[in-house]
2 protein chains.
Amino acid sequence: MTHTYQYPHPAVTTDVVLFTIREDSLQLLLIRRRNAPFEGRWALPGGFLDIDEDLERCAARELAEETGVTGIELEQLRTFGAVDRDPRERVISVVYFALARVENLHLRAGDDAADAGWFALRALPELAFDHDQIIRAAHERLVTELSRSKIVFQFLPETFTLEELRRVYEILVDAEIDKRNFRRYFLTQGMLEPTGQLCRRGGQRQARLYRARERDPVAHLG
Amino acid sequence: MTHTYQYPHPAVTTDVVLFTIREDSLQLLLIRRRNAPFEGRWALPGGFLDIDEDLERCAARELAEETGVTGIELEQLRTFGAVDRDPRERVISVVYFALARVENLHLRAGDDAADAGWFALRALPELAFDHDQIIRAAHERLVTELSRSKIVFQFLPETFTLEELRRVYEILVDAEIDKRNFRRYFLTQGMLEPTGQLCRRGGQRQARLYRARERDPVAHLG
DNA sequence: TCAAAAGTGTTTGCTATACACCCATGA
DNA sequence: TCATGGGTGTATAGCAAACACTTTTGA
């Protein structure tokens with residue numbers, strides 16, 4: 001069955017840039033393409049929009065189909081539509097970005113993906129389409145959102161220690177952060193809630209566990 | 001001539017939210033639709049993407065065709081794609097936003113627009129499609145970008161007085177701003193360059209004129 | 001001479017940064 | 001007992017906010 005229009009229509013796809021922290025580095029999820037074009041190359045998980053499907057739902061579906069990853073909060077990044085970005089036809093791609101705690105994810109390659117895996121942002125393979133540009137834009141967004149919202153907690157498990165939180169920050173901003181200033185900041189900001197629990201995560205002395213408070217208390221005032 | 005695809009394709013459009021400051025209020029540019037659907041309703045300037053046309057170029061072209069406005073810097077805002085946002089067919093709209101000094105613009109209604117005009121954000125008419133949602137998103141973006149970049153200057157003429165700049169800020173944040181703190185901030189930030197000229201803009205005493213420096217001097221260090 | 005807008009400094013509190021040692025515990 | 005990571009306080013400088021009067025000039 002075919003579909004006919006009076007004017008030419010571009011195809012619309014969605015792609016997802018999913019970041020996580022793994023092995024002490026910022027990594028993202030790629031799939032190896034099973035089909036042409038760019039067969040065998042690594043690419044962002046994504047695919048064609050169904051005609052009666054919401055954009056964000058499409059992104060979530062393609063992510064699940066190709067990598068097995070589900071239950072991730074997606075945020076729209078930007079739409080990429082350069083005329084020659086896909087050799088087959090004109091393709092407009094609406095790109096989403098997301099963060100994940102890696103231990104929650106059950107990775108497996110899906111239908112259109114020969115393989116799926118995590119890659120350090122600093123050591124990406126050669127990519128299909130304009131996905132290197134897309135990833136650069138997503139990384140910029142990640143850095144600017146860091147200071148403006150509470151997204152760091154999406155990298156961490158439900159409960160975590162202050163030192164774990166600090167380590168995540170250090171990886172994200174790629175710099176050392178003073179331990180005492182960091183602790184004071186988070187302990188006085190009120191976005192953390194002590195669980196009362198202690199834990200030992202490899203170190204000797206036990207550390208206090210915290211969880212992220214639902215919302216920034218200041219936000220309630222607006 | 002018709003165009004046929006193996007799978008259904010959505011249509012892709014671009015729309016533009018163009019803000020300006022006029023009559024002491026924040027206003028934006030709307031056109032009155034000449035054709036169905038929503039014939040006679042006010043809407044954002046925009047239209048269908050040509051198959052070999054860059055997204056941003058499409059936005060600029062439609063803006064020019066429908067309103068006569070040219071030479072505006074466009075920034076991508078977000079893509080809207082709810083399944084039922086257009087009654088004709090599935091339409092994905094890539095929305096751009098932009099700021100303008102109103103005195104530079106030569107407004108005139110174009111082919112697909114029965115009329116074009118400025119409307120205060122606080123007193124919008126009933127709008128076509130989901131354009132009220134789009135405008136709300138654009139306004140949010142405007143407010144957050146205000147503090148993070150130098151976009152205010154896009155509302156002002158080449159040279160301006162500190163009091164004019166302050167008045168623009170007051171309209172944008174919808175609050176009073178302390179005159180002395182405001183002046184000190186801008187005079188010490190180094191983003192203004194005194195022209196050495198004076199002018200009288202209706203008041204009695206003459207005021208010094210400034211222009212925006214090309215770049216934030218701090219940005220050069222990065 | 002007065003009305004109307006331009007211009008000018010100081011104080012105070014908060015926030016960001018720099019910086020070094022003690023504590024608890026398992027091996 | 002020592003190695004490892006968790007936990008703690010103070011001093012300083014820069015920034016944000018509050019606040020009221022003088023100057024210029026045309027009408």
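We name chains A, B, ... by the order of the sequence lines, and we start the count at 1 in each one. Just so you know, these numbers come straight off a predicted model, no measurement behind them.
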Item to check | Under the salt bridge (charged side-chain N to carboxylate O under 4.0 Å, His left out) test, residues paired with A/Glu126 that sit two or more places apart | outcome: A/Arg41
Checklist entry - Quick one: what's the B/S/- string for nucleotides 18-27 of chain C, heavy-atom cutoff under 4.0 Å, read 5' to 3'? => result BBB--BBBB-
Checklist outcome for this item: With sequence neighbours left out, the residues meeting ring-ring contact (aromatic ring centres under 6.0 Å, His included) with B/Phe119 are B/Trp42
Next on the checklist: Restricting to salt bridge (charged side-chain N to carboxylate O under 4.0 Å, His left out), what partner residues turn up for B/Arg200, sequence neighbours left out?
Outcome noted: none
Checklist entry - What are the 5'-most and 3'-most nucleotides of DNA chain D lying under 4.0 Å from any heavy atom of chain B? => result D/dA17 to D/dG26
Next on the checklist: Going by the rule side-chain hydrogen bond (donor to acceptor under 3.5 Å, both in side chains), which residues pair with B/Glu176 if we only count those two or more places apart in sequence or in a different chain?
Outcome noted: none
Next on the checklist: So, using ring-ring contact (aromatic ring centres under 6.0 Å, His included) as the criterion, who are the partners of A/Tyr169 when residues are at least two apart?
Outcome noted: A/Phe182, A/Phe186
Item to check | Results of ring-ring contact (aromatic ring centres under 6.0 Å, His included) for B/Phe160 - residues two or more places apart only | outcome: B/Phe153
Item to check | Qualifying side chain to side chain donor-acceptor pair (under 3.5 Å) pairs with a residue from residues 131-148 of chain B, counting only residues at least two apart or across chains | outcome: B/Glu75-B/Arg141
Item to check | For A/Ala98, all residues meeting side chain to side chain contact (heavy atoms under 4.5 Å, CB included), sequence neighbours excluded | outcome: A/Leu18, A/Ile72, A/Leu74
Next on the checklist: Going by side-chain hydrogen bond (donor to acceptor under 3.5 Å, both in side chains), name the residues that satisfy it together with B/Glu163, two or more places apart in sequence or in a different chain.
Outcome noted: B/Arg166
Checklist outcome for this item: Expected list for residues 164-173 of chain A near DNA chain C, using heavy atoms below 4.0 Å, is none
Next on the checklist: By the 4.0 Å heavy-atom rule, please label A/Arg208 as base, sugar-phosphate, or nothing.
Outcome noted: sugar-phosphate
